There are 4 protein chains.
Amino acid sequence: MDFQNKKSIYLQIADFVCEQILLKKWVEKTKIPSVRELAISLEVNPNTVMRTYSFLEDKKIIATQRGIGYFVTDDAYQQVINLKKSEFLSVGLPQLFRSMDLLHIDFNHIKKLYNERIKHEN
Amino acid sequence: MDFQNKKSIYLQIADFVCEQILLKKWVEKTKIPSVRELAISLEVNPNTVMRTYSFLEDKKIIATQRGIGYFVTDDAYQQVINLKKSEFLSVGLPQLFRSMDLLHIDFNHIKKLYNERIKHEN
Amino acid sequence: MDFQNKKSIYLQIADFVCEQILLKKWVEKTKIPSVRELAISLEVNPNTVMRTYSFLEDKKIIATQRGIGYFVTDDAYQQVINLKKSEFLSVGLPQLFRSMDLLHIDFNHIKKLYNERIKHEN
Amino acid sequence: MDFQNKKSIYLQIADFVCEQILLKKWVEKTKIPSVRELAISLEVNPNTVMRTYSFLEDKKIIATQRGIGYFVTDDAYQQVINLKKSEFLSVGLPQLFRSMDLLHIDFNHIKKLYNERIKHEN
DNA sequence: GTGGTCTAGACCACC
DNA sequence: GTGGTCTAGACCACA
C-alpha cells in the first residue's frame, strides 16, 4: 500500500479498513490487526494507525477491548455504508453535478468512460 | 460568498474566478478586480487573494500587467475548461466510480438524484 | 455480569466482590470462589481475577491461606465501608458538588431523580 | 494549573476550557488561545493541546478557522451544558446513588457536607 | 502482548 | 503567525 499526498495518511488507512469491511474481508465481531502490527505492515508510525483506529471507533465501526485489541462492531458494515453514502451525497455528487454543468458533460459520456474503465483494468 | 472549511480558501476563490469566466461574466482581455478590491468584497485577507491570482497566473488563466492589474488571458476560457476537465478525469471520475462500486449505486439512481436536484435548487 | 469499558475490569470485579460483602452474601471467615472459578464464571482471564484478589488482599478485605484459597477477613465488612467511604468523600462528593455548581442543579432536583430511579428499576 | 494523575491531561484541559465557557470567561464567537500559546502557558506539549481542541471541535464546542485559530462556537455554552449534564446523569448520578445505598448515607448528611464545604473554602 | 497517553521535534499548507 | 500531520521514542495500565 502506498499513500497519495493529498489526503492525510490516517484517513487513507481508514478508507483501507472500511474497504476491508465492505469487501467482507474483515467481518463483524472479529479482531482486526493490532495497532503495532498494522503499523509495521503499512510501514507507518504506530501513532498514525492509532489515530485511524480512534477515528473509526468514534464512528462506531470498530470497538476496543482493553488489553485485547480492536474488533469490528456488530453493525460495522451498515455504519460504513452510511458513512460513505453520506460523504458521497454531500460531497461527491454535488461536485459531480457542478463539473457536469460547467464542462457540459452528459450522462452518456460518463457511461462511456465507465465502460472504458473496465477494459483498462483488464 | 461563504467558504467551506475543508478546502483551502484561495482555491475556493480560484473556483469562483473560473466560474465567472466559464459563465462569461468575466471575458477575455478585460481587467478583473484588483487584489485589494476582491479581498474586501470577499472579506478575506489580501494575501489569500494574491495567492489565488498567482495560482491562476501559473495556469495561464489570468495575466498581470505591471502597475495596471490582472487581466483575463486570450484563451482563458479554454484553459479553464482544460484545467477543470483534467481535474475531473483524474480525480472526480475515479472517485465517482469507486463510490458507485463500493456502495452499489448505479447510473439510474444518480440520474434520479440529478433530476431531483433541479427541484431542490428552485 | 458485563463490563463497562471505561473502568478497568479488575476494579469492576473488585466492586462486585465488595458488593457481595456489603450485601452479606459473602460473610466473614468464609471461603470465596477460587481465582479460576470466578474467572470462568465471569468469562475473564484468570490473571485479571488474580489482580482483583491481590488488590483486595492489600486492602485487608480478603486474605489468602496457602494451598486452600481466599477468605473474607474478620473485619472485611468494616474495611469495605471504610474504603468506599473514603473514595466517596475524596472523589465522589467533590465531583458531585462541582457538577451541581457548574450545571446549576440543586438538591431538590437530585432528590426527584433519586425517587424516579426507583420507578425505573422496577 | 497542575494535573491529576488519574485523568488524561488532554481531558483535564478540555474540562478547563469548558469551565472557561461556563463561567463566561471565554464567550461565543471569540478566539481562544492558539494551540502553541496554551501549550506554553500550561507547560504541556502542543500536541496535547491539539488533541484537546480536536476533541472539543468534535463536540461542536469550538471551531477552527484555517490559519487563524480556534473560536468558541455560537451555541458553545449550551453544548457544554449538554455534554456535562449527560455525563453527570449517566455516570455521576448512578455512582452517587449506588454509594448512598451501599454506605447508607441519606440526603441530609450530604447536605450537611455541602454546607461544610463552603466553610472550608473560605 | 494489548491499547493509550505524552513528549520532542519536524514539516507542511495556509492566512 | 495559525492549524494539522507525521515520526520517533518513551512510559503506563491492563489482560
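Lettering of chains follows the sequences in order, A, B, ..., and the numbering in each one begins at 1. Here the structure is a predicted model, which means the values were calculated and not measured.
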Could you state the [atom1]-[atom2] distance from [X] to [N], rounded to the nearest angstrom?
X: D:Ile40; N: E:dG9; atom1: CD1; atom2: C1'; result: 14 Å
X: D:Ile62; N: F:dG3; atom1: CD1; atom2: P; result: 9 Å
X: A:Gln65; N: E:dG4; atom1: CD; atom2: C1'; result: 16 Å
X: A:Phe55; N: F:dC6; atom1: CZ; atom2: P; result: 12 Å
X: A:Arg51; N: F:dA8; atom1: CZ; atom2: P; result: 16 Å
X: D:Leu38; N: F:dG3; atom1: CG; atom2: P; result: 10 Å
X: D:Arg66; N: F:dT5; atom1: CZ; atom2: P; result: 10 Å
X: A:Ile68; N: F:dA13; atom1: CD1; atom2: C1'; result: 14 Å

- Item | Contact check, side chains of A:Leu56 and A:Cys18, non-hydrogen atoms, under 4.5 Å | yes

- Task: Side-chain contact test, heavy atoms from C-beta onward, threshold under 4.5 Å: evaluate it for C:Gln20 versus C:Phe16 and give yes or no.
- Result: yes

- Taking all non-hydrogen atoms of both residues, which atom of C:Ile21 and which atom of C:Val80 are closest, and how far apart? CG2-CG2, 4.2 Å

- Can you name the salt bridge (Lys or Arg N to Asp or Glu O under 4.0 Å) partners of A:Lys59, sequence neighbours left out? none

- Does the distance from a Lys or Arg side-chain N to an Asp or Glu carboxylate O, for A:Lys31 and A:Glu37, drop under 4.0 Å? no

- Task: Before accepting this row, confirm whether a basic side-chain N of the pair A:Arg98/B:Glu19 lies closer than 4.0 Å to the acidic partner's carboxylate O.
- Result: yes

- What about D:Arg36, does its side chain sit under 3.5 Å from the base of F:dG3 through a donor-acceptor pair? yes

- Can you sort out which residues in residues 41-48 of chain C have a heavy atom within less than 4.0 Å of DNA chain F? Ascending by number, please. C:Thr48

- Item | Selection: residues 5-18 of chain C, any non-hydrogen atom under 4.0 Å of DNA chain F | C:Ser8, C:Ile9, C:Tyr10

- Give the intermediate values and the outcome of side-chain contact (heavy atoms from CB on, under 4.5 Å) for residues B:Ser8 and B:Thr48. CA-CA 10 Å; B:Ser8 58; B:Thr48 306; over 6 Å; no

- Honestly, is D:Lys24 close enough over D:Tyr77, meaning NZ or CZ under 6.0 Å from the six-membered ring centre and within 45° of the axis? yes

- Query: Can you check salt bridge (charged side-chain N to carboxylate O under 4.0 Å, His left out) on A:Lys60 and A:Asp75, steps first, answer last?
  - Reply: CA-CA 8 Å; A:Lys60 314 282 185 197; A:Asp75 59 344; over 6 Å; no

- Closest to the A:Thr64 side chain, choosing from E:dT2, F:dT2, E:dG4: E:dG4

- Query: Mind checking who E:dC6 pairs with, Watson-Crick or G-U wobble, both distances under 3.5 Å?
  - Reply: F:dG9

